[in-house]
Structure formats: C-alpha cells, structure tokens
Asks: 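Please find one structure pasted underneath; my questions will follow.
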Amino acid sequence: MSKFYITTTLPYVNADPHIGFALEIVQADVIARWHRRVGDEVFFNTGTDEHGLKIYRGAQGEGMDPKAYADLHAAKFEALKTALNLSYNNFIRTTDPHHVAAAQEFWRRCAEKGDIYKKNYRIKYCVGCELEKTESELEDGRCPLHPHLALEQVDEENYFFRYSRYQDALLELYKNNPQFVVPKNRMLEIVKFTERGLQDFSISRLKSKMPWGVPVPGDDAQVMYVWFDALVNYISALGWPDDLQKFNAFWPGVQVAGKDNLRQQSSMWQAMLLSAGLPPSTQILIHGFITSRGQKMSKSLGNVVSPFEYVEKFGADALRYYLLREIPTLDDGDFTHEQFLARYNADLANGLGNLVQRVSTMIAKYSINVGANGRSPVQSVLRKEIDNCIQRYQLDQALAVIWEKIAACDKRIDNEKPWALAKDTSQHEKLEALLSSLVADLREIGVALLPFLPCTAESILKVVGAEKIVPPAKPLFPRET
RNA sequence: CGCGGGGUAGAGCAGUAGCAGCUCGCCUGGCUCAUAACCAGGAGGUCGUGGGUGCGAAUCCCACCCCCGCAACCA
C-alpha cells in the first residue's frame with residue numbers, strides 16, 4: 001500500500017465559494033477516492049487562505065475583527081464538504097497556530113540559505129482607488145479610473161525572496177519531469193516564462209499599514225506577504241516541521257490548481273521549496289476556468305453560478321456529474337443552466353436512472369431469480385479502461401466510457417426484447433440469463449461510478465445487490481423541465 | 001515582432017493529409033420493461049478569409065481577419 005497526497009489550492013475567503021473552486025475540489029475528490037479504491041493511503045487536503053489586505057479591508061468594512069470575519073467566511077467553504085460530498089480528511093486555515101509557526105520556520109530556512117534580503121519596494125498608488133497600480137494597469141501613466149489624480153509613488157522597505165537564483169534549478173526540474181505540470185501547454189507556458197528570466201519578489205508588508213499577516217521572524221515591523229505564508233500550507237497541512245514522520249510519508253504530492261495559479265504553484269512555490277531544502281511537488285494539475293456562454297463569470301455581469309443552489313435543487317451528484325463530464329478536466333468549459341438541464345435529463349434521468357429503473361422493474365415484475373452470472377465478481381474490462389482515463393486525468397473521458405456502457409445496455413434490451421420473452425414460459429431461462437447479465441452490468445457501472453458519483457453509485461449497488469431486487473422507491477434522477 | 005489558446009451542423013465539441021464525425025436539440029418510424037423514457041432512420045456544415053504545396057488539405061506552408069486568457073508582487 002503506497003501513500004498518496006493530494007491538495008487543492010486554498011481559496012481566499014473574501015467571497016462566497018465559486019463554482020470554479022467547486023470544480024477544483026470535485027476533481028481532487030475523484031482522484032482521491034480513486035486512489036483509496038486502488039488501496040493507497042490517501043491524505044487529501046484543502047482549506048482557506050485568510051491573511052492579507054483584502055481580508056483586512058473586508059473586516060474593517062464590516063466593523064469586524066479580521067479573525068471573526070475570516071471565521072464567518074471560512075465556514076461557507078467548510079460547508080462545501082457536505083454539499084458536494086467531499087472526502088478530504090484535512091481542512092487547513094492559514095490562521096491556524098500550527099500553520100503560522102510553520103510559515104515562520106519556512107521563512108527562517110530560506111533566510112538561512114541567504115534567499116531573503118531587504119530592498120526598497122516602489123509601487124505606484126492611486127489614492128482614488130486606494131490601491132496599488134502595476135504598470136500594466138495604467139493608461140498613459142495614470143489610473144484609468146482616476147485620470148485626474150496623479151499617482152503617488154510609495155516607497156517602503158520590504159523583504160524580498162531571491163527567486164532569480166532558482167531559474168536554472170527550475171528549468172532543470174521541468175526538463176527532468178516533463179509531466180511536472182499537466183496539461184502540456186501549461187508546462188510549455190511555465191517553461192517559457194522561466195526562460196524569460198525571474199525577478200525577485202516581495203514577501204512582506206509593513207505592519208503599520210497592513211497588520212493582518214504572519215509576523216516576520218525577527219522583525220516586528222513587518223508581516224509576511226500573504227502568498228508566502230499561504231503556499232506553505234501544502235506542507236504545514238502534513239505536520240511540517242513538527243511531525244516529520246507524517247510529512248516524510250506523504251510529501252511530495254499532487255497539487256490541483258486553476259490556470260490563474262500556474263506561476264504560484266509550479267514556479268514560485270517550487271523555488272521556495274528548493275530554497276528551504278525540501279523536495280519539490282510531485283505534479284501540478286492545472287484545470288481551466290468555467291465560463292458562462294463563453295464569458296467570464298463576474299458579479300457585474302450577474303452570471304455567477306452558486307454551487308449550493310444546484311446542489312439544493314438537483315443533488316450533489318448531479319452537480320458533480322456536470323462539472324466532471326461537461327467541463328474538460330484540464331481545459332476551460334462552459335456552464336449554463338440550459339446545458340446543465342440537458343445533461344441532467346439526457347444522461348442522468350434518461351440514461352443512468354432510467355436503465356436502473358427498467359432493469360429492476362422487469363426483475364420484480366417477471367419474478368426473476370438473479371443467477372450466478374448476476375452475482376459474480378464485477379468484470380474488470382470497463383474498470384481497466386476507466387483506470388487508464390483517470391491516470392491520464394481525463395475524468396470527462398472516464399465518464400464517457402461509462403455512458404457508452406449504459407447505452408450498450410439500453411440497446412441490448414431493445415434488441416433482445418425481454419418483455420417478449422416474458423410472455424413465453426419456455427423462454428424463462430433465456431429471460432433469466434439476460435436479466436442476470438444486465439444486473440452484472442449495473443454492478444460494474446455502479447463500481448465504476450464510485451469515485452465520481454459516490455451516493456448514486458452506492459444506491460445502484462444497493463438496488464442490484466439486494467437479495468430480492470426491487471426498483472428504487474424514488475427514481476435516482478427524476479426528469480426535470 | 002511580449003506569451004499562449006481558439007474560429008468545424010442551431011448549441012457545445014472531436015478530428016494533424018485518404019468518403020466530415022460525436023453529444024444535445026429538431027423531424028420521421030419502431031417498441032412498450034422503464035422517469036413521454038428506450039431503439040432505428042433522417043434533415044442540417046462552401047471546416048474564419050485569401051493564396052500556396054500535394055494525386056488528395058479541416059489537417060502542412062504563407063498572409064490576413066476575428067474571439068479569449070495571461071502580461072508576475074492585484075490572493
């Protein structure tokens with residue numbers, strides 16, 4: 001039995017859980033469940049990122065203490081566990097005392113290595129927005145929203161991380177591990193980015209301006225910049241640096257992240273690990289974004305989809321199915337209510353649900369004794385194909401394979417006409433063999449679905465595994481209009 | 001010349017040289033075990049535009065048009 005570690009990124013708690021994060025964590029959940037099924041001991045981590053300016057300001061805006069504000073919002077993310085039927089075993093919050101101590105220890109290691117130094121940090125600041133502005137945001141050297149105001153130049157002394165020192169080491173890492181980042185085009189993107197040269201980045205902020213962060217060891221005037229502390233969660237979650245037994249058993253692991261996080265996960269964090277003298281991650285999976293009619297979801301467009309809303313109306317497995325099947329695992333995908341309904345009705349209600357219903361009804365109606373064939377161990381043909389898909393992270397493909405099997409069962413029923421066989425007592429044996437074989441197929445489908453739609457899979461296995469098979473009391477997926 | 005992705009049926013997509021395909025939707029027929037479900041057949045596309053190479057191009061080459069991300073310290 002081998003150990004397997006998988007983690008999502010930590011969403012920032014200043015907004016409600018986004019459907020895009022639901023996608024990420026459901027993908028990680030399928031991979032984790034699959035690894036458990038093949039016998040691995042799995043550590044599955046997720047959590048929340050709670051430091052930084054936006055949280056600080058958000059809390060101030062509501063007249064709250066930052067920690068209380070974070071508590072309030074973190075609870076919404078923890079609620080995803082039940083809503084989406086997730087199997088993670090660790091939920092880390094970057095405000096956890098253990099994590100704070102780990103981030104400080106990590107800082108010390110990088111500092112000992114000579115990778116942390118103080119430098120003047122010059123930013124442009126728009127008083128109108130009360131925000132820093134990067135060069136790329138400016139138009140003619142002025143803030144596009146407040147062109148009448150001159151930008152202020154802010155100088156503050158911050159700590160910097162010697163990212164530039166790790167350019168060659170990172171390129172070496174990528175070269176030796178062509179699968180380090182998947183999919184391939186993301187790997188290419190990060191290699192090109194690294195080849196262009198890396199610039200040291202700032203890893204602290206003046207406490208007097210922004211106190212909501214992990215204190216920098218040995219400097220009361222500064223707190224860590226939120227990224228530096230947040231990335232360390234991937235190892236502090238495993239008990240680093242105190243519980244080295246657990247850490248060594250599970251690290252390194254697989255990290256799932258969105259394409260907006262490519263650099264932080266596959267480059268900056270890897271450089272930090274190298275600096276601290278720790279092994280780099282095993283692999284970074286980069287999923288895409290969910291658009292709605294091809295447009296980015298945004299509050300101003302009013303096209304934001306709430307994962308909770310769909311779970312409430314259609315159940316966790318219906319949302320899991322859509323996210324896993326309709327959104328290509330490592331690419332962008334689209335979410336619209338119409339497409340959701342189409343998938344739900346075609347695949348779940350008419351396909352899977354209806355097949356379970358028609359087979360179990362016939363067995364009850366024709367008083368069939370499911371024979372040895374129907375009770376035999378699950379065939380491995382389908383499972384092997386699905387295992388291949390999952391190992392290549394083609395979760396959508398894996399589901400497509402299962403649905404081909406469902407279609408084949410429907411076709412077979414139509415071809416062999418069990419209702420006709422039932423009218424002729426001399427054909428009873430043939431009828432029994434047919435339905436037993438279909439029960440075996442359903443069990444195979446049920447087992448294959450376990451990592452993807454855990455509740456539904458168990459319901460199916462319960463129906464077809466019963467001594468006396470009867471149709472489900474309620475349809476698995478009632479048709480919706 | 002900043003980096004990358006894309007433009008194929010009403011919608012969403014697959015297809016890297018050999019008869020243009022899949023899913024949904026739509027139409028017709030069949031069936032009756034089932035959630036008006038299931039099965040069969042059909043309509044629907046000048047494969048972004050123009051040129052080039054090839055016996056043959058959605059696919060390779062050149063040019064152009066359009067869409068979308070990213071452009072690092074914004075979590």
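Below, chain A is the first sequence line, B the second, and so on; all start at residue 1.
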Asks: Is there a side-chain polar atom (N or O) of A:Lys365 under 4.0 Å from OP1 or OP2 of B:A34?
Replies: yes
Asks: Which part of the nucleic acid does A:Gly197 contact within heavy-atom distance under 4.0 Å: base, sugar-phosphate only, or nothing?
Replies: base
Asks: Who does B:C3 pair with, Watson-Crick or G-U, both distances under 3.5 Å?
Replies: B:G69
Asks: If the P atom of B:G18 is compared with that of B:C39, how far apart are they to the nearest Å?
Replies: 31 Å
Asks: Under the side-chain contact (heavy atoms from CB on, under 4.5 Å) rule, what do A:Asp229 and A:Val223 come out as? Steps first, then yes or no, please.
Replies: CA-CA 10 Å; A:Asp229 116 60; A:Val223 296; over 6 Å; no
Asks: Quick one: is B:G2 close enough that its OP1 or OP2 comes under 4.0 Å of any side-chain N or O from A:Arg196?
Replies: no
Asks: If the glycosidic angle is within 90 degrees of 0 it's syn, otherwise anti, so just tell me which one B:G21 is.
Replies: anti
Asks: If pairing requires Watson-Crick or G-U wobble contacts with both distances under 3.5 Å, which nucleotide is the partner of B:A63?
Replies: B:U49
Asks: Determine: side-chain N/O of A:Asn345 to OP1/OP2 of B:C24, distance under 4.0 Å, yes or no.
Replies: no
Asks: Would you please indicate if the ring centroids of A:Tyr310 and A:His337 are separated by under 6.0 Å?
Replies: yes
Asks: Between A:Tyr163 and A:Ser267, do the side chains contain a donor N or O and an acceptor N or O under 3.5 Å apart?
Replies: yes
Asks: Under the 5.5 Å and 30° test, is A:Trp419 stacked on the base of B:C33?
Replies: yes
Asks: Expressed as a whole number of Å, how far does the P atom of B:G41 sit from that of B:G21?
Replies: 14 Å
Asks: Starting the side chain at C-beta, find the nucleotide from B:C33, B:G69, B:A75 nearest to A:Lys259.
Replies: B:G69
Asks: If B:A17 has a Watson-Crick or G-U wobble mate with both distances under 3.5 Å, name it; if not, just say none.
Replies: none
Asks: With sugar-phosphate meaning primed atoms plus P, OP1 and OP2, does A:Phe160 contact a base, only sugar-phosphate, or nothing at under 4.0 Å between heavy atoms?
Replies: nothing
Asks: Could you please name the partner base of B:A37, counting Watson-Crick and G-U wobble pairs only when both distances are under 3.5 Å?
Replies: none
Asks: Below 4.0 angstrom from OP1 or OP2 of B:G4, is there any side-chain N or O of A:Lys192?
Replies: yes
Asks: Can you give me the closest heavy-atom contact between A:Val226 and A:Gly52, atom names plus distance?
Replies: CB-CA, 4.1 Å
Asks: Toward the 5' end of RNA chain B, which comes first, A:Arg343 or A:Trp227, by nearest nucleotide?
Replies: A:Arg343
Asks: Between B:C33, B:A75, B:U35, which nucleotide has the shortest distance from any of its atoms to the side chain of A:Leu476?
Replies: B:U35
Asks: Can you check the A:Tyr322 OH to B:C13 P distance for me, whole Å?
Replies: 10 Å
Asks: Sort out the partner of B:C26 for me: Watson-Crick or G-U wobble, both distances under 3.5 Å, none otherwise.
Replies: B:G42
Asks: Please report, rounded to the nearest Å, how far the P atom of B:A71 is from the CE atom of A:Met268.
Replies: 11 Å
Asks: Report the residue (A:Leu355 or A:Arg186) whose heavy-atom-nearest nucleotide on RNA chain B is the more 5′ of the two.
Replies: A:Arg186
Asks: Which nucleotide sits closest to the side chain of A:Asp414: B:C39, B:A72, B:U35?
Replies: B:C39
Asks: Of the listed nucleotides (B:C33, B:G4, B:A72), which one gets closest to any side-chain atom of A:Glu189?
Replies: B:G4
Asks: Measuring from the side chain of A:Ala349 (C-beta onward, heavy atoms only), which nucleotide among B:C24, B:U35, B:A75 has the closest atom?
Replies: B:U35
Asks: May I ask you to say what A:Gly52 touches in the nucleic acid, namely base, sugar-phosphate or nothing, with a heavy-atom cut-off under 4.0 Å?
Replies: nothing
Asks: Of the nucleotides B:A71, B:U35, B:C33, which has the atom closest to the A:Arg263 side chain?
Replies: B:A71
Asks: Would one find a side-chain N or O of A:Lys411 under 4.0 angstrom from OP1 or OP2 of B:A40?
Replies: yes
Asks: Return the value, rounded to whole Å, for the distance between atom CZ of A:Phe161 and atom P of B:C73.
Replies: 17 Å
Asks: Is the ring centre of A:His73 less than 6.0 Å from the ring centre of A:Tyr69?
Replies: yes
Asks: Working to the nearest 0.5 angstrom, can you tell me the gap between A:Leu476 CG and A:Asp317 CG?
Replies: 9.5 Å
Asks: Going from CG on A:Asp16 to CZ on A:Phe21, what distance comes out if it is rounded to the nearest 0.5 angstrom?
Replies: 13.5 Å
Asks: Look at the side chain of A:Asn350 and decide which nucleotide, out of B:U35, B:A40, B:C38, has an atom nearest to it.
Replies: B:C38
Asks: Hey, does A:Asp410 reach any base, or is it just sugar-phosphate, or nothing, if we go heavy atoms under 4.0 Å?
Replies: sugar-phosphate
Asks: Counting side-chain heavy atoms from CB outward, which of B:A71, B:C73, B:A37 is closest to A:Ser202?
Replies: B:C73
